[in-house]
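Remember, it's a predicted structure, so these values are computed and weren't measured experimentally.
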Amino acid sequence: VYIIYIYIYIYIFFFLAGVISGALLYIRDDFKSVDRKTVLQESIVSMAVAGAIIGAAVGGWMNDRFGRRRVLLIADFLFFVGAVIMASAPGAALLIVGRIFVGLGVGMASMTSPLYISEASPAKIRGALVSTNGFLITGGQFLSYLINLAFTKAPGTWRWMVGVAGFPALLQFILMLLLPESPRWLYRKGREEAAKVILRKIYPAHEVEQEIQDLKESVEAEIKEEGSSEKMNIIKLLKTKAVRRGLTAGVGLQVFQQFVGINTVMYYSPTIVQLAGFASNRTALLLSLLTAGLNAFGSIVSIYFIDRTGRKKLLIISLTGVVVSLGVLSGVFHETTTHSPMVSRVETSHFSNITCPDYSSALNSGAWDCMTCLKASSPDCGFCSSPTNKLLPGACLISNDTVKDMCHKETRLWYTRGCPSKYGWLALIGLALYIIFFSPGMGSVPWIMNSEIYPLRFRGLCGGIAATANWISNLIVAQSFLSLKEAIGASWTFLIFGVISVMALLFVIIYVPETKGLPIEEIEKMLEGRALHYKFWEKGNKPHEKSQAA
């Protein structure tokens with residue numbers, strides 16, 4: 001069961017974030033319509049998220065109707081179909097269809113797999129499974145970058161990147177056939193004997209009878225609880241002070257987690273690296289391994305510090321670092337944009353009959369620099385660097401594969417997505433700092449807070465609301481980043497994320513309570529009876545004392 005858990009989670013986020021971020025570089029090379037239209041690039045990335053929202057929405061009903069195991073089998077089938085469609089896509093439209101199939105599978109699996117594991121694994125390893133969840137997700141992203149890198153020199157590049165993921169889906173489908181259904185689901189469906197048979201396989205003989213009795217009592221209590229909660233509508237839910245305050249904190253954290261820009265970095269990190277002045281696709285992928293590796297490392301750091309430092313303090317440290325990092329990135333991209341190498345008439349005339357038409361007809365061609373060249377659009381143009389030093393004036397030429405090869409043959413670098421810059425390494429440092437600060441705090445804490453901040457009887461509903469808010473925010477960010485970058489530039493885009501991060505910091509200080517070490521019942525009392533704890537640097541008083549103070 002533990003192996004399947006690792007497989008499911010690594011695979012989900014292998015598909016969702018990592019693979020497409022690297023494959024997009026080569027998709028743009030193959031499909032010029034995608035390279036020219038940022039909305040197509042955003043759609044290829046974000047349609048998986050849109051599919052995931054739908055998959056998660058129908059996944060809850062499917063889990064109750066058909067069982068956890070069947071839903072995971074359906075998700076694997078969708079993964080496999082999506083991989084085949086993407087790998088064989090003749091154009092952007094079918095590629096987007098494949099991404100939607102993948103997203104549907106992601107949505108179903110992301111909500112079903114932890115449910116299945118918690119219901120079908122022995123209690124003694126259940127805590128370990130939950131605590132390693134974040135690491136497996138980020139570890140899957142790191143693995144996807146390695147796989148992308150391995151196929152950079154293979155014929156078809158991106159088709160292998162997206163297509164090879166169909167093999168794990170097929171293997172996972174076969175392995176899931178060997179696993180049992182969730183005993184809890186079977187018990188709730190009245191198949192008590194089948195549930196007991198499975199429990200006897202999972203637990204040792206001296207524990208199984210007690211586990212069967214605990215399951216019986218738990219399911220009966222759950223059914224009774226659901227019977228009373230069915231009378232509760234959203235209006236009544238929001239009138240409950242503890243739930244309302246919990247939702248404010250929980251949903252707010254999930255929304256801010258996305259709007260401080262994390263999935264901009266994870267989905268588009270190779271593109272961001274190229275914007276910083278690194279021309280090669282392979283180099284961009286190699287350097288992007290840094291962000292994926294640090295993200296995985298940050299998840300381990302979170303496991304260590306979450307119960308030592310406290311949730312709120314970790315969030316504040318995390319967001320403070322994120323604000324500084326985004327400030328660095330904004331400054332670096334401003335310098336890259338305003339200090340790019342000039343275009344030289346001598347260097348450009350070195351290449352006959354392939355000069356960028358807009359440059360040839362420009363009245364102020366002497367003022368053209370690399371960034372001006374890359375913005376030319378009739379047709380698209382690229383910058384061929386000086387053979388002696390990439391920071392010296394270069395040539396502005398028509399952008400196509402033939403011209404690119406001519407440029408490379410003279411040991412020059414070819415730029416179409418960013419310009420040469422002496423500040424490129426500072427951008428990498430900014431990205432690294434961003435991940436180092438984000439991952440242990442804002443990467444993990446919102447999910448942990450949402451698992452403990454709601455009263456028990458409302459936890460499923462409130463957790464679902466918060467998770468949906470996260471997916472929708474994810475979609476908005478993924479669908480808008482490149483368009484925003486094109487409209488106002490990378491510098492202002494990262495500055496906007498920085499301003500949002502400051503807002504998130506204020507939100508955490510004002511609205512998010514510290515729940516470290518508190519039983520669920522005490523958290524509910526705290527939310528019911530007091531104002532929130534602003535002095536996060538002080539050790540909190542006992543909950544009942546805080547309640548009286550309010």
Side-chain angles (χ1 to χ4, degrees), residues 21 24-25 28 34-43 45-46 258-279 284 287-288 291 322-343 356 358-359 362 364 367-378 380-383 385 390-391 394 396 399 414-434 476-503:
S21 66
L24 188 61
L25 299 179
R28 290 172 65 177
V34 175
D35 193 38
R36 288 192 298 269
K37 297 179 181 178
T38 55
V39 68
L40 284 179
Q41 297 170 42
E42 291 167 337
S43 297
V45 171
S46 62
Q258 297 301 322
F259 277 98
V260 299
I262 180 56
N263 279 321
T264 292
V265 173
M266 297 315 298
Y267 293 149
Y268 297 110
S269 58
T271 303
I272 293 170
V273 169
Q274 287 192 330
L275 287 173
F278 296 91
L287 292 175
S288 295
T291 60
V322 164
V323 170
V324 173
S325 306
L326 289 170
V328 170
L329 284 169
S330 179
V332 168
F333 281 108
H334 178 266
E335 289 299 309
T336 301
T337 304
T338 56
H339 294 82
S340 62
M342 300 300 293
V343 175
C356 175
D358 284 0
Y359 174 70
N364 63 336
W368 273 46
D369 60 12
C370 172
M371 290 303 300
T372 313
C373 176
L374 298 191
K375 290 176 182 177
S377 58
S378 55
D380 290 338
C381 296
F383 183 81
S385 70
K390 67 179 183 178
L391 298 178
C396 185
S399 179
W414 179 249
Y415 294 87
T416 57
R417 294 159 193 166
C419 289
S421 173
K422 61 183 177 181
Y423 303 107
W425 288 102
L426 279 176
L428 291 182
I429 292 172
L431 280 176
L433 285 174
Y434 178 90
I476 293 170
V477 172
Q479 184 65 36
S480 63
F481 170 69
L482 291 180
S483 294
L484 200 60
K485 187 266 296 180
E486 287 291 321
I488 62 175
S491 176
W492 283 101
T493 301
F494 282 110
L495 187 62
I496 289 173
F497 287 139
V499 171
I500 294 173
S501 298
V502 172
M503 294 168 59

Open item on the list: Between Asp35 and Arg417, does the side-chain contact (heavy atoms from CB on, under 4.5 Å) criterion hold? Intermediate values first, please.
Closed with: CA-CA 10 Å; Asp35 193 38; Arg417 294 159 193 166; 3.8 Å; yes
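- Under the 3.5 Å distance criterion, the side-chain polar atoms of Glu42 are matched with a main-chain donor or acceptor of Leu482.
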Show the atom names and distances, to 0.1 Å, of all donor-acceptor pairs under 3.5 Å that link a side chain in residues 489-503 to residues at least two apart or in another chain.
unit_1 : atom_1 : unit_2 : atom_2 : d
Ser491 : OG     : Ser330 : O      : 2.8
Ser491 : OG     : Ser330 : OG     : 3.3
Thr493 : OG1    : Gly489 : O      : 2.8
Ser501 : OG     : Phe497 : O      : 2.9

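- A disulfide bridge connects Cys373 to Cys396: their SG atoms sit within less than 2.5 Å of one another.
- Checked against the 2.5 Å cut-off, the SG-SG distance between Cys370 and Cys419 falls under it.
- Glu335 pairs by the side chain to side chain donor-acceptor pair (under 3.5 Å) definition with His339, not counting sequence neighbours.
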Open item on the list: Before you tell me yes or no, could you show the steps for Val45 and Leu24 under side-chain contact (heavy atoms from CB on, under 4.5 Å), namely the whole-Å CA-CA distance, both residues' side-chain angles and the distance that decides it to 0.1 Å?
Closed with: CA-CA 8 Å; Val45 171; Leu24 188 61; 4.1 Å; yes
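- To the nearest 0.5 Å, the span separating OG on Ser325 from CD1 on Ile429 amounts to 11.0 Å.
- The two residues Val260 and Tyr434 make their nearest non-hydrogen contact at O-OH, 2.9 Å.
- Atoms OG1 and CZ, from Thr372 and Phe383 in turn, are 10.5 Å apart once rounded to the nearest 0.5 Å.
- Panel note: side chain Ser385, backbone Lys390; no donor-acceptor pair is recorded below 3.5 Å.
- To the nearest 0.5 Å, atom CG of residue Asn364 and atom OH of residue Tyr359 are 10.0 Å apart.
- One finds the CG atom of Leu431 at 11.5 Å from the CG atom of Leu426 (value rounded to the nearest 0.5 Å).
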- [ ] Kindly determine whether Leu484 and Phe481 satisfy side-chain contact (heavy atoms from CB on, under 4.5 Å), including the steps that lead there.
- [x] CA-CA 5 Å; Leu484 200 60; Phe481 170 69; 5.7 Å; no
Task: Residue pair Thr336, Ser340: steps toward the side-chain contact (heavy atoms from CB on, under 4.5 Å) verdict - done: CA-CA 6 Å; Thr336 301; Ser340 62; over 6 Å; no
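- For the residue pair Lys422 and Leu391, the shortest heavy atom distance occurs at N-CD2, 3.8 Å.
- Across every non-hydrogen atom of Gln41 and Val34, the tightest pair is NE2-O, 2.9 Å.
- The two residues Ala362 and Trp368 have their closest heavy-atom pair at CB-NE1, 3.6 Å.
- The nearest pair of heavy atoms linking Ser399 to Trp414 is CA-CZ2, 3.8 Å.
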